[in-house]
Protein chains: 2
Amino acid sequence: MNTTSIKINLNHKAYLRDPELTELGQRIIRESIRLIDELGFEQFTFRKLATEINSTEASVYRYFENKHKLLVYLVSWHWAWLDHFVLFHTNNVADARERLSRAIDVITASGTDNPATLHISESALHRIVISEASKVYLTKEVDDDNKDGYFLEYKRLCHHLAEMVLRINPDYPYPHALISTIMEAAHQQVFFAEHLPSLTEIKGTQRSPEETAIFLKHLVFAAVDQKR
Amino acid sequence: MNTTSIKINLNHKAYLRDPELTELGQRIIRESIRLIDELGFEQFTFRKLATEINSTEASVYRYFENKHKLLVYLVSWHWAWLDHFVLFHTNNVADARERLSRAIDVITASGTDNPATLHISESALHRIVISEASKVYLTKEVDDDNKDGYFLEYKRLCHHLAEMVLRINPDYPYPHALISTIMEAAHQQVFFAEHLPSLTEIKGTQRSPEETAIFLKHLVFAAVDQKR
DNA sequence: TCTTTTCGATAGTAAAACTATCATATTAGA
DNA sequence: TCTAATATGATAGTTTTACTATCGAAAAGA
């Protein structure tokens with residue numbers, strides 16, 4: 001065996017039937033990532049997806065109640081995956097500052113496709129998260145969805161980075177606010193760089209994630225090191 | 001005349017017919033703000049709006065091509081209004097630091113209803129901007145919409161604040177990125193405080209805008225004053 | 001007064017967002 | 001290996017959304 005299989009476990013059921021467990025489920029995931037990336041979430045429909053996977057609308061509905069829950073699933077998966085990656089890249093790094101710096105690199109980096117998760121293209125998923133992730137919580141159903149645990153993966157990642165902030169400066173009064181701000185900015189700045197360049201100094205190139213990371217580190221370390 | 005009439009001019013035509021100029025148009029604006037605030041943008045439809053204003057779907061379509069353009073109009077109006085307000089509150093303030101501080105107060109403050117714009121409830125509009133504003137640009141049509149000038153008001157406000165940053169520290173390398181980050185955070189943090197409280201230290205109360213302003217000032221002045 | 005504009009009323013279409021039913025293929029358990 | 005449960009495909013149908021078209025009456029402007 002030359003590939004390690006990684007199963008990302010989510011703490012909720014945005015799905016009706018676990019798509020990881022069947023071939024059709026994996027096709028639904030793989031092709032929905034492709035289609036949402038291509039069409040955008042608003043233009044994406046279960047009908048189009050069904051055509052793409054040579055199946056039927058009814059079959060897709062057996063896995064997900066609606067396209068919003070499918071997006072919740074994809075975005076949660078991404079956060080769980082990132083949390084994993086952050087842990088992996090900060091493990092055994094003794095210096096608290098260096099740990100936070102590497103964590104920021106991980107959350108800004110554009111996804112790299114991993115052979116361990118063949119049915120998920122992390123790079124396409126990362127593009128989806130940039131333009132669609134905030135739509136999972138910016139709804140009137142946010143409180144119900146929160147009760148169902150749909151944002152646990154995001155909160156956990158946020159909390160892990162907030163802990164790193166407190167390790168550097170235990171007196172910093174806004175660790176979670178600072179981290180949630182830069183986690184959102186990590187996407188916005190890349191999006192602005194590409195589509196609304198006058199809103200940022202980051203250039204809209206392949207390297208905009210790296211540039212964004214530099215800006216965010218500036219910002220975070222300035223805040224954490226601030227004299228009061 | 002004991003009220004001053006203020007006409008906010010937008011630099012684009014998200015509308016087909018200027019809603020400010022007719023009574024029906026003003027009713028469309030007033031009731032759409034009420035309805036979007038109440039139902040959220042996804043559940044809001046022109047059919048429901050038409051019922052609310054005792055008119056017809058066809059009549060609403062004579063003012064706006066679709067509900068997305070109506071949202072663009074409302075959000076642009078809000079940014080133009082805020083830009084106005086920022087200018088008003090920073091005018092004649094000599095100190096650059098104090099100017100930026102007051103500007104941050106203005107962009108975080110929950111709207112106060114103004115008798116000069118009777119058909120627009122600024123407080124309801126502010127709630128809409130918090131939960132719906134990012135949806136105006138997070139679409140596949142963002143580049144076309146940008147060409148049509150739909151984001152000019154937002155960019156102008158961003159640029160005005162970025163200038164204040166440069167006045168404080170002409171060498172700060174990311175004035176626009178910093179301002180666009182905190183302008184988005186000004187909404188996110190209030191939203192998180194109310195719905196996803198574990199993502200922030202801001203408390204979900206009536207005073208969360210003020211608390212958010214304090215956090216954002218911390219952040220901005222730390223960044224701008226950073227030694228390099 | 002005449003004419004243009006505005007609005008309401010009505011009707012209709014295409015697509016989206018589902019739900020229901022039935023037959024068949026596959027799989028799992030006994 | 002037989003049987004029963006499950007998964008999928010095929011088909012069809014409903015309701016709602018997002019529009020478009022047409023017409024006539026009222027109102028407003030010249």
Side-chain angles (χ1 to χ4, degrees), chain A residues 13-32 34-74 119 132 135-136 139-141 144-145, chain B residues 13-32 34-36 38-74 119 132 135-136 138-141 144-145:
Chain A
K13 288 186 175 169
Y15 53 75
L16 297 170
R17 186 174 300 177
D18 190 344
E20 301 259 342
L21 302 181
T22 65
E23 205 246 313
L24 180 65
Q26 299 196 359
R27 256 156 61 214
I28 289 175
I29 299 304
R30 177 167 55 244
E31 294 304 310
S32 64
R34 259 203 52 255
L35 260 187
I36 295 175
D37 184 32
E38 184 187 327
L39 305 174
F41 187 63
E42 282 73 25
Q43 302 307 315
F44 167 82
T45 68
F46 275 4
R47 186 176 295 263
K48 291 173 186 167
L49 174 60
T51 309
E52 212 69 13
I53 61 176
N54 292 310
S55 180
T56 61
E57 242 182 309
S59 293
V60 177
Y61 275 104
R62 288 180 184 120
Y63 284 84
F64 292 97
E65 237 179 280
N66 52 52
K67 68 175 185 171
H68 184 257
K69 301 241 173 160
L70 170 57
L71 185 63
V72 168
Y73 178 87
L74 294 177
H119 62 298
E132 322 288 357
K135 296 171 190 170
V136 311
T139 71
K140 284 285 172 187
E141 296 79 36
D144 291 333
D145 287 355
Chain B
K13 288 187 175 169
Y15 53 76
L16 297 170
R17 186 173 302 177
D18 190 343
E20 302 259 341
L21 301 180
T22 64
E23 205 247 314
L24 180 64
Q26 299 196 1
R27 256 157 60 215
I28 288 174
I29 300 303
R30 177 168 52 244
E31 294 303 308
S32 65
R34 258 204 53 255
L35 260 188
I36 295 175
E38 185 188 326
L39 305 175
F41 187 63
E42 282 74 25
Q43 302 307 315
F44 167 83
T45 67
F46 276 3
R47 186 175 297 261
K48 291 172 186 169
L49 174 60
T51 309
E52 212 70 12
I53 61 177
N54 292 311
S55 181
T56 61
E57 241 182 308
S59 293
V60 177
Y61 275 105
R62 287 180 185 120
Y63 284 84
F64 292 97
E65 237 179 280
N66 52 52
K67 68 174 185 171
H68 185 256
K69 300 240 173 159
L70 171 56
L71 185 63
V72 167
Y73 178 87
L74 294 176
H119 63 298
E132 321 289 357
K135 296 171 191 169
V136 311
L138 291 178
T139 71
K140 283 286 172 186
E141 296 79 37
D144 292 333
D145 288 356

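These numbers come from a predicted model, not from an experiment. Chain identifiers are assigned alphabetically (A, B, ...) following the order of the sequence lines, protein sequences preceding nucleic acid strands; residue numbering begins at 1 within each chain.
A salt bridge does not link A/Arg30 to A/Glu23: none of the charged nitrogens lies less than 4.0 Å from a carboxylate oxygen. Between B/Glu65 and B/Lys69 there is a salt bridge, with a side-chain nitrogen of the basic residue lying less than 4.0 Å from a carboxylate oxygen of the acidic one.
Between the axis at the start and the axis at the end of the helix from C/dT1-D/dA30 to C/dA30-D/dT1 there is an angle of 20°, using five pairs per end and rounding to 10 degrees.
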Using a 4.0 Å heavy-atom cut-off to protein, can you give one letter per nucleotide of nucleotides 5-22 of chain C, 5' to 3': B if the base is in contact, S if only the sugar-phosphate is, - if neither? -SBBB------SBBBBB-

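Between chain A and DNA chain D, the heavy-atom contact criterion of under 4.0 Å yields a 5' to 3' nucleotide range of D/dA7 to D/dG9.
Side chains of B/Thr22 and B/Tyr63: a donor on one and an acceptor on the other come within 3.5 Å.
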Do B/Thr45 and B/Leu35 pass the side-chain contact (heavy atoms from CB on, under 4.5 Å) test, and can you show the C-alpha distance, the side-chain angles, and the key distance before you say yes or no? CA-CA 9 Å; B/Thr45 67; B/Leu35 260 188; over 6 Å; no

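For B/Ile53 against B/Ile28, the heavy-atom pair with the smallest separation is CD1-CG1, 3.7 Å. When all heavy atoms of B/Phe64 and B/Phe46 are compared, the closest pair comes out as O-CE2, 3.7 Å. When all heavy atoms of A/Lys140 and B/Leu39 are compared, the closest pair comes out as CG-O, 3.2 Å.
Residues B/Leu16 and B/Tyr61 form no side-chain contact, since every pair of their non-hydrogen atoms from C-beta on lies 4.5 Å or further apart. Using a 4.5 Å heavy-atom cutoff, the side chains of B/Asp145 and B/His68 are in contact.
A cation-pi geometry, defined here as NZ or CZ lying under 6.0 Å from the six-membered ring centre and within 45° of its normal, holds between A/Lys67 and A/Phe41.
Note on residues 50-61 of chain A: pairs passing salt bridge (charged side-chain N to carboxylate O under 4.0 Å, His left out), not counting sequence neighbours, are A/Arg34-A/Glu52, A/Arg47-A/Glu57.
By the side chain to side chain contact (heavy atoms under 4.5 Å, CB included) test, B/Thr51 is found to be paired with no residue, residues two or more places apart in sequence or in another chain being considered.
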Nucleotide N/O to protein N/O under 3.5 Å, stretch nucleotides 23-29 of chain C:
none

